[in-house]
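Encoded as C-alpha cells, the structure appears first; notes follow it.
Index from 1, following the sequence. All values derive from a computational prediction rather than experimental measurement.
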Amino acid sequence: MNNFETAALKSLRLLDVNSNIDVFANQWVEENGLADLQDYLSMLDRLNVPYRIISQDMALTQYDYKVSVYVSDSGLTATSVAMP
C-alpha cells in the first residue's frame with residue numbers, strides 16, 4: 001500500500017465513517033489504487049465525503065474541520081483536529 005492509499009484510509013478512519021463506507025473505501029483502494037491527489041479526491045467524491053481545498057496552512061484557522069490532509073510532492077499526511 002502506497003502513501004496516498006494509507007493516508008486516504010487513515011483520513012476516513014479519523015472521520016469515524018460508518019463501516020459501510022470503510023469497507024467500500026478499502027475495496028476501492030484494493031481494486032483501483034490511489035496514485036495521486038486526483039485519485040484521492042475521486043474516491044472522496046464517490047463516497048460523498050465533503051471536503052474543501054485550501055492553499056495555505058494559515059487558512060485552516062478560518063474553517064471548522066475534523067481532519068486535515070496535507071498534500072506534498074511525496075504524498076498525503078492525514079491528521080485529526082480537536083474541535084472546539
Side-chain angles (χ1 to χ4, degrees):
M1 193 171 292
N2 68 34
N3 178 274
F4 277 91
E5 295 165 346
T6 302
L9 296 175
K10 179 181 178 183
S11 69
L12 294 173
R13 281 194 290 293
L14 291 171
L15 285 171
D16 198 26
V17 297
N18 73 41
S19 61
N20 291 334
I21 291 176
D22 187 56
V23 168
F24 182 86
N26 278 284
Q27 201 170 21
W28 177 276
V29 167
E30 185 178 318
E31 292 175 9
N32 300 297
L34 297 177
D36 56 25
L37 180 60
Q38 184 60 45
D39 289 345
Y40 176 58
L41 297 178
S42 293
M43 184 184 73
L44 292 179
D45 289 340
R46 178 71 183 211
L47 294 169
N48 201 26
V49 173
Y51 59 89
R52 176 177 287 140
I53 298 173
I54 58 174
S55 62
Q56 300 175 4
D57 289 345
M58 302 276 299
L60 287 176
T61 58
Q62 300 174 15
Y63 304 102
D64 290 335
Y65 58 95
K66 294 180 182 179
V67 174
S68 67
V69 177
Y70 177 74
V71 181
S72 69
D73 291 338
S74 61
L76 302 176
T77 304
T79 58
S80 179
V81 175
M83 297 294 285

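Distance check, rounded to the nearest 0.5 Å: CE of Met43 to CG of Asp45 gives 10.5 Å. With rounding to the nearest 0.5 Å, the separation of CZ in Arg46 from CG in Leu44 is 13.0 Å.
Across all their heavy atoms, Asn20 and Asn18 have their closest contact at N-OD1, 2.9 Å. Minimum interatomic distance between Asp36 and Phe4 (heavy atoms only, all atoms of both residues): C-CE2, 3.5 Å. Of all non-hydrogen atoms in Asn2 and Leu34, the two that sit nearest each other are ND2-O, 2.8 Å.
For the pair Ser11 (side chain) and Ala8 (backbone), a donor-acceptor distance under 3.5 Å is present.
At a threshold of 4.5 Å between non-hydrogen side-chain atoms, the residues Leu9 and Met1 count as touching. Between Asn48 and Ile21, the closest side-chain pair of non-hydrogen atoms is not below 4.5 Å.
Cluster membership check: Val23 does not share its hydrophobic cluster with Leu12, using side-chain heavy-atom separations under 4.5 Å among Ile, Leu, Val, Met, Phe, Trp and Tyr.
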